[in-house]
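There's a structure below that I have some questions on.
Labels below follow one simple rule: chain letters A, B, ... track the order of the sequence lines, proteins then strands, and each chain is numbered from 1.
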Protein chains: 2
Amino acid sequence: MNLPPLIQTFVLHFGEMGSRWGINRTVGQIYALLFLSSEPLNAEDIVDRLGVSRSNVSMGLKELQSWNLVRLQHVPGDRRDYFSTPDDIWQIVRTLVEERKKREIDPTLTLLREVLMQEPASAEERHAQARMREMHDLFELLTDWYADMQRLETERLVQLLKLGTKVQKILDVKDRLFPTSGSKNRRGSGKDK
Amino acid sequence: MNLPPLIQTFVLHFGEMGSRWGINRTVGQIYALLFLSSEPLNAEDIVDRLGVSRSNVSMGLKELQSWNLVRLQHVPGDRRDYFSTPDDIWQIVRTLVEERKKREIDPTLTLLREVLMQEPASAEERHAQARMREMHDLFELLTDWYADMQRLETERLVQLLKLGTKVQKILDVKDRLFPTSGSKNRRGSGKDK
DNA sequence: CCGATATTTCAGAAAATACTGAAACTTCAG
DNA sequence: CTGAAGTTTCAGTATTTTCTGAAATATCGG
């Protein structure tokens, strides 16, 4: 590995964290390298810097492309493929959350829908199904909320995040000013807990 | 494996998804089983139902305990350890997010803080550090927001999630009614893209 | 303290995943 | 069409992770 110390620290860390994030070491390192780089890199650059095999880099880049986490581009007068990460870090977050949802949530949501269609054949299954229903409703609430957020412009999104729970106070004010509006979202009458 | 079909489907699915969620197959299956069960199970129950070795179950339960995802309890007159998941599914979400943050975000945040203290030794390192600064600030914004949300009562949290982006409209109303209040959160004056 | 029951640890086997080098394939300039 | 440059695929190897059975450890009633 052939990198300035500061960059190497970060790249190694991403490699280590890879396993916790569901990618392998090389993929983590490639991503870290691209993220830090001021200009796009080609596969050979990455081989030189990380000291892993050409084919490993090729597979890693393919994996990152399947996550939409890197962008393929071309340098004029150069036939090789160059890769980079988006400059806008919020774009990265959006992509990451989207892809994780696709891989970690959606398949389960699909399965839950299927299983909830079936007839329970015993008290045990009936209870299990009720539990799955809870999980299903939760996932649906979260994904609906997420879809909403994903639609916001970044600036608005950041504004909302910075507000945090202060939003709550505003809701209180709103309730006092317009007691009924939006009350379809207020059905906390004993059903929960 | 010895389970009613409906339950088996779900348990197998959780086993498969396990690898995407950063746990192994057995741990995923044990968790699914406990989640669906109407009463606590002991290790031997789990062995019988899943058909895996006793030691594997023991390790799996230990792993789940380290995630705070299962609760150990005792049945009067029985020396064995019984395990269950919280009845409140929101409690499960809170724990899960907390633990994932602890494992997937916090170590990186720590590393970023350290690396940002160092002096860049070249233009390349300077650019890399600027990039890390972006990531650091993003992580900090997200974790601050998360800490805020974690503090909310479940009912309020659900209310907020259901509102989704409608919150935005309320912000607009608020701005018109109280143009200056809360404006410390409105610093989109050129610094952001 | 004893022995019965329950749980954990651990070394090695089995399985899954990552990595490599070589070969196959693709693209493009001449 | 040819061959040089670039990229991908793939079979085999290495590494890591998971899983098991056996042994060690812990707990508790008597």
field: 5' precedence on DNA chain D between Arg25(A) and Phe83(A) (nearest-nucleotide basis)
entry: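 Looking at the nearest nucleotide for each, Phe83(A) comes out on the 5' side.
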message: Whole angstroms only, please: what is the CZ-C1' distance between Arg54(A) and dT7(D)?
response: 6 Å
- prompt: So does Lys62(A) get a side-chain nitrogen or oxygen closer than 4.0 Å to the phosphate oxygens (OP1/OP2) of dT9(D)?
  reply: yes
field: Which nucleotide in dC19(C), dT9(D), dG21(D) has an atom nearest any side-chain atom of Ser53(B)
entry: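 Per side-chain heavy atoms of Ser53(B), the pick is dG21(D).
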message: Rounding to an integer number of Å, can you tell me how far Glu16(A) CD sits from dT15(D) C1'?
response: 14 Å
task: Provide, to the nearest angstrom, the distance between the CG atom belonging to Leu64(A) and the P atom belonging to dT8(D).
output: 13 Å
- prompt: Taking OP1 and OP2 of dT8(C), is either one under 4.0 Å from a side-chain nitrogen or oxygen of Ser58(B)?
  reply: yes
message: What I want to find out is whether Glu134(A) reaches Arg131(A) closely enough, with some N-O distance under 4.0 Å, to be called a salt bridge.
response: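 Result for this pair is yes, salt bridge flagged.
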task: Check the distance between dT8(C)'s P and Arg80(B)'s CZ and give it to me in whole angstrom.
output: 14 Å
- prompt: Is any side-chain nitrogen or oxygen of Asn42(A) closer than 4.0 Å to OP1 or OP2 of dG6(D)?
  reply: no
query: If only side-chain N and O atoms of Ser55(B) are considered, is one of them under 4.0 Å from the OP1 or OP2 phosphate oxygen of dT20(D)?
result: no
- request: Let me know the distance between CD of Glu63(A) and P of dC19(C), rounded to the nearest Å.
  value: 11 Å
message: Can you tell me if Lys62(A) has over 12 outside heavy atoms packed within less than 6.0 Å of its NZ?
response: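 12 or below, so no.
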message: With a sphere of 6.0 Å drawn around CD of Glu153(A), does it hold more than 12 non-hydrogen atoms of other residues, nucleotides or ligands?
response: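 No.
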- prompt: Should the pair Arg103(A)-Glu99(A) be classified as a salt bridge under the 4.0 Å nitrogen-to-oxygen rule?
  reply: yes
Protein-nucleotide distance (Asp81(A), atom CG; dT8(D), atom P), rounded to Å: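 Going from CG in Asp81(A) over to P in dT8(D) covers 6 Å.
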message: Same cluster or not: Tyr82(B) versus Leu72(B), using hydrophobic residues (I, L, V, M, F, W, Y) connected whenever any side-chain heavy atoms lie under 4.5 Å apart?
response: no
query: Contact class for Ser19(B) (heavy atom, under 4.0 Å): base, sugar-phosphate, or nothing?
result: nothing
task: Using atom CG of Asp78(A) as one end and atom P of dT27(C) as the other, report the distance to the nearest whole Å.
output: 17 Å
- prompt: Is any N or O donor-acceptor pair between the side chain of Arg79(A) and the base of dA5(D) shorter than 3.5 Å?
  reply: yes
field: Nearest-angstrom distance from the residue atom CG of Asn56(A) to P of dC10(D)
entry: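 It works out to 16 Å between those atoms.
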